[in-house]
Amino acid sequence: LMIIAFIVLGLMAFGVFGFYLLFSTSSKQKKAEANAEQILDDAFDGRDDVVFTVNMTTIKYETAVLGAKARGYKLTHTESNSYGPHTLIFERV
């Protein structure tokens with residue numbers, strides 16, 4: 001009985017930690033989206049090639065691609081995996 005209670009408490013703690021991570025990353029992404037123009041201006045500063053990484057705490061993929069396009073860049077390559085960040089490579093048009 002004690003082991004079951006320990007397992008249940010462990011699962012509850014894991015769930016609380018999961019919700020914390022979810023809301024924390026969501027909050028960070030909202031902050032990044034609010035500052036997207038400055039982030040994009042800093043990244044796409046006139047260099048011929050730009051490597052830009054997006055994940056759960058940065059600006060969204062769509063925001064990065066459209067922001068790059070508006071600054072005269074096109075997406076030439078995407079490197080991604082199921083769980084990690086997406087690396088985007090842009091070149092100036």
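Small disclaimer: the values here were computed from a predicted structure and weren't measured. The chain is numbered in sequence order, starting from 1.
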Mind checking what makes salt bridge (Lys or Arg N to Asp or Glu O under 4.0 Å) contact with Asp49, not counting sequence neighbours? none

Output for pair (Gln29 CD, Lys60 NZ), nearest 0.5 Å, gives 5.5 Å

Whichever hydrophobic residues join Ile89 through chains of side-chain contacts under 4.5 Å: Val51

Can you confirm whether Ile4 is buried at CD1, in the sense that more than 12 heavy atoms of other residues, nucleotides or ligands lie under 6.0 Å from that atom? no

With no hydrogens and no angle check, just 3.5 Å: does a side-chain donor-acceptor pair link Thr63 and Glu33? yes

Just to verify, what does Asp42 make a salt bridge (Lys or Arg N to Asp or Glu O under 4.0 Å) with, not counting sequence neighbours? none

Among all residues two or more places apart in sequence or in another chain, which pass the side chain to side chain contact (heavy atoms under 4.5 Å, CB included) test with Lys69? none

Flag, side chain of Asn55 to backbone of Thr58, donor-acceptor distance under 3.5 Å: yes

Could you tell me if the side chain of Arg47 sits less than 4.5 Å from the side chain of Arg92, heavy atoms only? no

In this structure, OG1 of Thr87 is separated from NE2 of His77 (nearest 0.5 Å) by 8.5 Å

Could you measure the distance from the NZ atom of Lys28 to the CE atom of Met56? Nearest 0.5 Å is fine. 9.5 Å

Excluding Val50, membership of its hydrophobic cluster (Ile, Leu, Val, Met, Phe, Trp, Tyr; side-chain heavy atoms within less than 4.5 Å) reads Ile39, Leu40, Phe44, Phe52, Val54, Ile59, Tyr61, Val65, Tyr73, Leu75, Leu88, Phe90

Restricting to side chain to side chain contact (heavy atoms under 4.5 Å, CB included), what partner residues turn up for Asp41, sequence neighbours left out? Arg71

